[in-house]
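Atoms considered below: every heavy atom in the structure, side chains included; atoms not considered: hydrogens, waters and symmetry mates.
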Amino acid sequence: MALSQVEVLPNGLTLAVEERPWTPGVALQLLVPVGAVNDPEGMEGAASLLEGWLWKGAGRRDARALAEAFDDLGVRRGSSSALEHTTFAAQFLADKLEAVLGLYADVLMRPHLPSEALEAVRQIALQELAALEDQPPKKMFAALRRAVFASPHGRNPSGQEAHLKAISAEALRADFARRYAPQGAILALVGGVGFEEARQAALNAFGAWSGAGADYPPVELAPVRALHLEQETAQVQIGLIYPDVSFEHPEFYSARLAVQVLSGGSSSRLFTEVREKRGLVYSVYAAPNGVKGYSYLTAYAGTTPERADETLRVMQAEIARLAEGVREEELERTKVGLRAALVMQDESSRSRAASIARDLYLLGRVRTLDEIEAQIAAVDVTRINRYLAAHPYQNPWIATLGPRKLVAAE
């Protein structure tokens with residue numbers, strides 16, 4: 001199995017390369033720690049605006065010529081801005097590496113940021129924010145995350161309407177100059193390229209990039225509470241957030257396996273107890289989530305107003321019941337499913353590049369598939385049950401969206 005080579009370049013950019021000489025292609029994941037979490041006060045949504053504005057011309061090319069330059073190189077690409085970072089993903093042939101990195105260097109270091117193009121970017125951002133009204137689960141979780149965090153980690157990456165409308169081109173350019181920097185940025189490459197070749201290409205493209213970038217705010221939690229968003233809908237949305245253990249915790253994989261027992265497929269506990277046996281919901285799941293420095297368990301259900309109170313009670317009971325332990329057959333089935341998912345993910349160069357960048361961002365190192373599999377295999381039923389007894393899921397933040405507040409949430 002290929003191992004990732006990692007080096008922090010002189011300007012602070014972290015380069016990670018996983019060589020796969022048997023493939024002619026390369027997957028790129030470029031992570032820049034510019035997100036809603038460090039948007040300036042009064043400018044929530046700035047990272048989202050910048051991500052769209054960057055593509056309106058860079059280097060010697062206007063927006064059309066820039067798009068054509070990527071297309072001429074056969075680059076399949078995408079970019080997005082999220083809570084903690086902005087990412088640029090691409091796939092291309094290995095012999096185009098130097099040229100592709102040169103284009104990304106123009107975008108990150110020499111964007112035009114033309115005033116006349118900002119309004120179109122702003123309107124797209126406002127439409128994305130408005131679309132939340134047509135997506136009740138997303139609207140509910142956006143409110144729930146804001147209730148969980150007293151720090152900027154509760155922000156909506158799409159921003160706030162008043163802020164998006166008020167941000168000026170001048171303020172946004174100043175924000176770009178401050179936050180887009182190599183310190184903390186990560187360039188992950190997976191595929192048919194050697195480390196030395198990649199290192200030289202990265203130095204040629206990004207060697208002149210400089211700056212310290214933005215700080216990462218400390219995580220602060222708000223008091224646990226329940227909130228209700230009143231909306232005349234035919235369905236009720238229910239969201240729960242429980243504190244969980246972080247990547248660095250020695251029982252991290254016990255926690256991940258427990259969540260898979262809870263919600264890892266059609267034989268999982270939530271699906272079986274809430275949907276199959278009682279027919280309470282059209283959708284129910286639980287999933288690990290988190291931000292840098294804090295992890296949590298998210299649970300969701302969508303149901304009818306008549307069955308919402310019972311749904312919430314049964315969900316909480318099932319999640320709490322994990323503290324009583326899991327059965328041997330549940331754990332083994334979960335291990336097989338989780339390992340299959342990991343193997344499939346590792347086979348994709350694109351997924352692997354994203355995993356490498358995420359590991360470096362969260363952990364400061366890259367986990368190999370062998371390491372993850374060994375950690376999973378080491379969790380036996382005695383160990384996971386000891387962990388669950390000591391770390392019960394209880395006292396969640398709760399959010400509901402629908403025509404009335406639930407008695408079960410009081």
What closest approach, in Å, do N11 and F206 show between heavy atoms, and which atom pair accounts for it?
ND2-O, 2.8 Å
Checking K165 now: which residues fulfil salt bridge (charged side-chain N to carboxylate O under 4.0 Å, His left out) with it, not counting sequence neighbours?
E161
Tell me, yes or no, whether the heavy-atom count around R333 atom CZ, taken from other residues, nucleotides or ligands under 6.0 Å, exceeds 12.
yes
Given 3.5 Å as the limit, does a donor-acceptor pair link the side chain of K335 with the main chain of A377, or not?
yes
Interatomic distance, T334 atom OG1 to R339 atom CZ [nearest 0.5 angstrom]:
15.0 Å
Check the pair R61 / D106 against salt bridge (Lys or Arg N to Asp or Glu O under 4.0 Å), numbers first and verdict last.
CA-CA 9 Å; R61 302 173 178 87; D106 280 344; 3.6 Å; yes
Please test D309 against K405 for salt bridge (Lys or Arg N to Asp or Glu O under 4.0 Å), starting from the C-alpha separation and ending with a verdict.
CA-CA 9 Å; D309 281 294; K405 186 174 181 179; over 6 Å; no
Mind checking whether Y253 and F247 have ring centres under 6.0 Å apart?
no
Shortest non-hydrogen contact between L13 and L187, atoms and distance:
CD1-N, 4.2 Å
Identify which one of Y294, Y216, Y296 satisfies the ring-ring contact (aromatic ring centres under 6.0 Å, His included) criterion when paired with H153.
Y216
Can you list everything that forms a salt bridge (charged side-chain N to carboxylate O under 4.0 Å, His left out) with R307? Sequence neighbours excluded, please.
E310
CD of E248: more than 12 outside heavy atoms within 6.0 angstrom?
yes
Which residues pass the side-chain hydrogen bond (donor to acceptor under 3.5 Å, both in side chains) test with Q200, not counting sequence neighbours?
N204
With a 6.0 Å cut-off (strictly less than), is the heavy-atom count around CZ of R76, excluding the residue itself, greater than 12?
no
Sequence neighbours excluded, the answer for salt bridge (charged side-chain N to carboxylate O under 4.0 Å, His left out) partners of R60 is none
Which side-chain N or O atoms in residues 43-53 pair as donor and acceptor under 3.5 Å with protein atoms at least two apart or in another chain?
| from | atom 1 | to | atom 2 | distance (Å) |
| --- | --- | --- | --- | --- |
| E44 | OE1 | R146 | NH2 | 3.4 |
| E44 | OE1 | Q160 | NE2 | 3.3 |
| E44 | OE2 | Q160 | NE2 | 3.0 |
| E51 | OE2 | S79 | OG | 2.4 |
| W53 | NE1 | P114 | O | 2.9 |

So how far is it from L66 CG to E68 CD, rounded to the nearest 0.5 Å?
10.0 Å
Just how far is it from atom NZ of K139 to atom OG1 of T233, taken to the nearest 0.5 Å?
9.5 Å
Please list every donor-acceptor pair under 3.5 Å in which a side-chain atom of residues 29-38 meets a protein atom from a residue at least two apart or in another chain.
| from | atom 1 | to | atom 2 | distance (Å) |
| --- | --- | --- | --- | --- |
| N38 | OD1 | G35 | N | 3.1 |
| N38 | OD1 | R179 | NH1 | 2.7 |
| N38 | ND2 | P33 | O | 3.1 |

Taking K292 for the side chain and E84 for the main chain, is one N or O donor matched with an acceptor at less than 3.5 Å?
no
Counting N and O atoms only, with roles assigned by atom type, does the side chain of N289 sit under 3.5 Å from a partner on the main chain of L297, one being a donor and the other an acceptor?
no
Salt-bridge contact D175-R178 (side-chain N to carboxylate O under 4.0 Å):
yes
Minimum-distance pair of heavy atoms, taken over all atoms of A143 and L227:
CB-CD1, 4.0 Å
Apply ring pair (Phe, Tyr, Trp, His ring centres under 6.0 Å) to residues F149 and W397 and explain how you reach the verdict.
CA-CA 10 Å; F149 293 102; W397 288 267; 7.7 Å; no
Taking 4.0 angstrom as the limit, do R404 and E230 come out as a salt bridge?
no
